[in-house]
Amino acid sequence: DDRRPREERKDATPDATSSSTVGEVVLVGGGPGDPELITVAGAKALAEADVILTDHLGPVDLAEDAAARGAELIDVAKIPYSHQVAQERINELMVERASEGKKVVRLKGGDPFIFGRGYEEIEACTAAGIPVQVIPGVTSMTAGPAVAGISLTHRGLNHDLTLVSGHVPPDSSKSLVDWTALAGMTGTLVLIMAVKNAGAIAAELIAQGRDAATPAVVVENASMPGQRVTAATLATLGETIEREGLGHPAVIVIGDAAGHIAELG
Ligand code: SAH
């Protein structure tokens, strides 16, 4: 019955996870949700992790499997307070655990560097002297349309493909998107975080010159149970989302390429 404080006991019997050994952080892109759409490297990192910090998008089941074999699972999507503070807390948790010698996986939906704040997490680790790696993931921005049977490029139809976040409405002073320039393009636009602002975005694209009859398709819950693919046009996008009750998470594809939806068996 050793009643000395935990720290002293550790010092008496050093082991591989003693606090003197720095661990590491691996940012893993988990893919769009289907647990088979993570990369082999990503699955391997999860299997070897001591600690996993996970969001609600991506292959949450795989994180739970890792927890079942003893990894610590931290659901960072449930951390309270504002988004800003939550990101700082996520950074702190990663650094804390890795400083204890743990192998920490930060599991994210899609790819860590596509609207995923992965770079901020890397900076936090680097500032704390923690070695960090990135394992790319299959982003929902391309996988969502693919599993729905939409090819984002067609020979002879488009030579450009633009990935856009729609979380800020076009008329906001916070918007970093040049909607006028996008309206002048002829190819494919892929939007995420855009369900709420889709009507306003479509109206702005039309106002700036894009054809109102341009196909626009919403892919909800891509690659997951409950996947739903709903076709509209720029003119009807907002009302279609409303009428069908489409919601998060969804990818929206705009452009002539979205007018061709393959029937996948
Ligand atoms: N890093 C992620 C994106 C994070 S932002 C990636 O590369 O995929 C979160 C947004 O991604 C959601 O609001 C939604 O628009 C989109 N998204 C993520 N997973 C999705 C899925 N399975 N189906 C549809 N949209 C998804």
Side-chain angles (χ1 to χ4, degrees), residues 26-39 41-42 45-46 52-63 75-79 83-84 86-87 90 94 105-122 134-150 152 161-169 174-177 188-202 216-232 237-238 240-241 244-254 258 261 264:
V26 187
L27 305 193
V28 174
D34 180 338
E36 298 205 341
L37 290 178
I38 192 168
T39 64
L46 273 181
I52 299 166
L53 290 93
T54 185
D55 295 329
H56 282 176
L57 293 171
V60 178
D61 291 0
L62 294 183
D75 183 346
V76 290
K78 280 200 191 129
I79 289 179
H83 206 56
Q84 207 62 35
Q87 183 61 55
I90 290 167
M94 290 188 318
V105 163
R106 171 71 174 107
L107 180 66
K108 292 166 167 291
D111 185 276
F113 283 173
I114 303 276
F115 301 117
R117 306 189 70 169
Y119 198 83
E120 293 163 62
E121 294 173 351
I122 288 186
V134 180
I135 298 178
V138 178
T139 179
S140 65
M141 298 193 85
T142 55
V147 297
I150 300 167
L152 295 175
L161 166 62
T162 310
L163 308 182
V164 185
S165 172
H167 70 288
V168 175
K174 291 195 176 136
S175 175
L176 300 179
V177 180
T188 308
L189 298 178
V190 179
L191 274 68
I192 59 169
M193 297 186 274
V195 172
K196 194 164 59 96
N197 295 322
I201 288 169
V217 177
V218 182
V219 185
E220 194 189 41
N221 289 312
S223 84
M224 297 192 285
Q227 174 176 306
R228 198 158 44 137
V229 183
T230 310
L237 181 62
T240 303
I241 287 171
E244 303 294 330
L246 303 178
H248 172 84
V251 177
I252 301 175
V253 188
I254 296 169
I261 304 180
L264 304 176

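Atoms within a ligand are numbered from 1 in the order they appear, just like the ligands themselves.
Between the side chain of E220 and the backbone N or O of G247, at least one donor-acceptor pair lies under 3.5 Å. Using a distance-only test at 3.5 Å, with no hydrogens or angles considered, a donor-acceptor pair links the side chain of Q227 to the main chain of S223. When atom types are taken as modelled, the side chain of D111 and the backbone of G137 share a donor-acceptor pair closer than 3.5 angstrom.
Counted within 6.0 Å of CG on L264, heavy atoms from surrounding residues, nucleotides or ligands total more than 12; the atom is thus considered enclosed.
Contact between A143 and V138 at its shortest, heavy atoms only, is CB-CG1, 3.5 Å.
Protein residues are said to neighbour a ligand when one of their heavy atoms lies under 4.0 Å from it; for ligand 1 these are P32, L57, G109, G110, D111, I114, F115, T139, S140, I192, M193, V219, N221, A222, M224, H248, P249, A250, V251.
The pair D55-R117 fails the salt-bridge criterion, with no side-chain N (NZ, NE, NH1 or NH2) lying under 4.0 Å from an Asp/Glu carboxylate O.
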